[in-house]
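Beneath this line is the structure, given in structure tokens, with notes to follow.
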Amino acid sequence: AAMAVTAAIMLAMALLAAAAVFAAEAPPAKTVRLLAVGNSFSQNATTYLPSLAKAGGQTLILHQCAIGGGTMAQHVEKIDQLAADPADPKARYVSGKTLRDELTSEKWDVVTIQQASIKSHDPTTYRPYAARLRDYVKEHCPSATLWLHQTWAYRRDDPRWRPAKPVAGDPTSEEDMYRQLTRAYETIAGELGVKLIPVGDAFWAADSDPTWGFQPDTTFDTKTAVEPA
């Protein structure tokens, strides 16, 4: 019996010691403030981010300045519309706020910007709009770190790979789109002097995997499919 009691005491002491080590090593809970300036891709990429942060014992404050299918040029257009006429509703997002409103509403830790997926392969479509957005963020929220949020390629069976009138230079496959947009994002990140969030790289790594990558169903007819098929 004495041995059993001693063993129990030793086990308890070991568990307490382990808990103390874990407590010492566990990072303290923190709050991160993130403003995403983008489109549906920025919304999709952050769908589960608040839940992940909460599960990790952290707090995430996330706001979106999104335009469905929106380009960097369209975000800059809103900036210019606000400067020309502060009452212009076109200067506002669906939330009713302007980009300046959002930038000054919180002391953001991170602000992300991205290009529309359909233009992501062409670095000329980022100029001068990416730099304009960088400067605007720096002006109205100088404490924030700006990150360029890489988008991802359309999946391999996307009908856009078979256009009726092909355009020279446009991607012709999922891999081609990935390679082109990667070069474009890396080029623009270098020009802006900012870091890149490699979301497109992660998508490609998953989707090009021979086992786990998406495999089209050649028997599936999108024209006759009935929800939820």
Side-chain angles (χ1 to χ4, degrees), residues 33-51 60-103 105-106 108 110-134 136-137 140-141 146-163 167 170-171 174 177-178 180-182 184-185 188 196-200 202-204 207 214 222-223 225 227-228:
R33 293 170 172 81
L34 167 63
L35 175 64
V37 182
N39 46 56
S40 63
F41 275 47
S42 61
Q43 294 174 317
N44 292 348
T46 55
T47 297
Y48 300 106
L49 195 56
S51 298
L60 175 68
I61 297 175
L62 170 64
H63 288 194
Q64 299 270 359
C65 285
I67 303 171
T71 64
M72 289 182 170
Q74 287 176 291
H75 288 286
V76 171
E77 185 178 9
K78 286 186 177 296
I79 293 173
D80 292 339
Q81 287 166 333
L82 178 66
D85 179 7
D88 188 348
K90 294 180 182 179
R92 289 166 167 73
Y93 294 88
V94 292
S95 63
K97 295 182 179 180
T98 65
L99 181 54
R100 187 177 65 189
D101 291 337
E102 285 288 16
L103 286 170
S105 68
E106 292 274 356
W108 301 106
V110 177
V111 176
T112 63
I113 59 174
Q114 62 185 139
Q115 181 57 299
S117 58
I118 196 70
K119 296 181 180 293
S120 62
H121 65 284
D122 184 357
T124 65
T125 65
Y126 296 70
R127 305 184 185 109
Y129 313 109
R132 288 279 310 276
L133 288 170
R134 175 200 58 192
Y136 199 74
V137 170
H140 294 289
C141 191
L146 184 72
W147 287 73
L148 189 60
H149 179 181
Q150 180 194 29
T151 51
W152 54 92
Y154 304 143
R155 73 187 202 186
R156 65 193 66 181
D157 63 343
D158 194 292
R160 279 168 285 202
W161 305 139
R162 302 178 298 278
V167 177
D170 278 2
E174 179 186 19
M177 182 176 181
Y178 164 65
Q180 289 198 49
L181 71 84
T182 297
Y185 271 103
I188 300 303
L196 182 68
I197 306 175
V199 182
F203 265 77
W204 175 248
D207 207 35
F214 170 74
T222 57
K223 296 180 180 180
E227 192 179 355

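Atom set for the values below is all heavy atoms of this structure, side chains included, hydrogens, waters and symmetry mates excluded. Quick caveat, the model's predicted, so the values are computed rather than measured.
Within a 6.0 Å radius of OH in Tyr129, other residues, nucleotides and ligands contribute 12 heavy atoms or fewer. A 6.0 Å sphere centred on CZ of Arg100 holds no more than 12 heavy atoms belonging to other residues, nucleotides or ligands.
The NE2 atom of His75 sits 8.5 Å away from atom NZ of Lys78, with the distance rounded to the nearest 0.5 Å. Distance check, rounded to the nearest 0.5 Å: CG of Leu148 to CD of Gln115 gives 9.5 Å. From Glu106, atom CD reaches atom SG of Cys141 across 9.5 Å, with rounding to the nearest 0.5 Å. Atom CG in Leu60 sits 8.5 Å away from atom OG1 in Thr46 (nearest 0.5 Å). Expressed to the nearest 0.5 Å, how far CZ of Arg134 lies from CE of Met72 amounts to 11.5 Å. To the nearest 0.5 angstrom, Ile118 atom CD1 is 11.5 Å from Asn39 atom CG.
Screening Tyr178, Phe41, Trp204 for a ring pair (Phe, Tyr, Trp, His ring centres under 6.0 Å) involving Trp152 leaves a single residue, Phe41.
Residues Ile188 and Pro123 share a closest heavy-atom pair of CD1-O, 3.9 Å. Looking at every heavy atom in both residues, Thr151 comes nearest to Leu181 through O-CD1, 3.5 Å. Listed here is the closest heavy atom pair of Gln64 and Leu35: N-CD1, 4.4 Å. The minimum heavy-atom distance between Leu99 and Cys65, with the atom names listed, is CD1-SG, 3.9 Å. Considering all non-hydrogen atoms of both residues, Met177 and Ala153 come closest at SD-CA, 3.7 Å. Nearest heavy-atom pair across Pro50 and Leu62 is CG-CD2, 4.2 Å.
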**Test side-chain contact (heavy atoms from CB on, under 4.5 Å) applied to Leu34 and Leu49, step by step** = CA-CA 11 Å; Leu34 167 63; Leu49 195 56; 3.9 Å; yes

**Request:** Begin from the C-alpha positions of Tyr136 and Val76 and carry the test side-chain contact (heavy atoms from CB on, under 4.5 Å) through to its verdict.
**Result:** CA-CA 9 Å; Tyr136 199 74; Val76 171; over 6 Å; no

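The closest donor-acceptor contact from the side chain of Tyr126 to the backbone of Ala131 lies at 3.5 Å or more, if one exists at all. Remark: side-chain polar atoms of Trp161 are not paired, donor with acceptor, to backbone N or O of Pro171 under 3.5 angstrom. Remark: the backbone N or O of Ala36 is not paired with any side-chain donor or acceptor of Ser42 at under 3.5 angstrom. Between the side chain of Gln74 and the backbone N or O of Thr71 there is at least one donor-acceptor pair closer than 3.5 Å. Between the Gln150 side chain and the Tyr185 main chain, no donor and acceptor come within less than 3.5 Å of each other. Using modelled atom types, no side-chain atom of Arg155 and backbone atom of Asp207 make a donor-acceptor pair closer than 3.5 Å. Between the side chain of His121 and the backbone N or O of Ala184, no donor-acceptor pair lies under 3.5 Å. Although no hydrogens or angles enter the test, the distance criterion places a donor-acceptor pair under 3.5 Å between the side chain of Asp101 and the main chain of Thr98.
Contacts classified as salt bridge (charged side-chain N to carboxylate O under 4.0 Å, His left out) and involving residues 81-98 (residues at least two apart or in different chains) are not found.
Evaluation of the ring pair (Phe, Tyr, Trp, His ring centres under 6.0 Å) rule for Trp147 yields no partner, not counting sequence neighbours.
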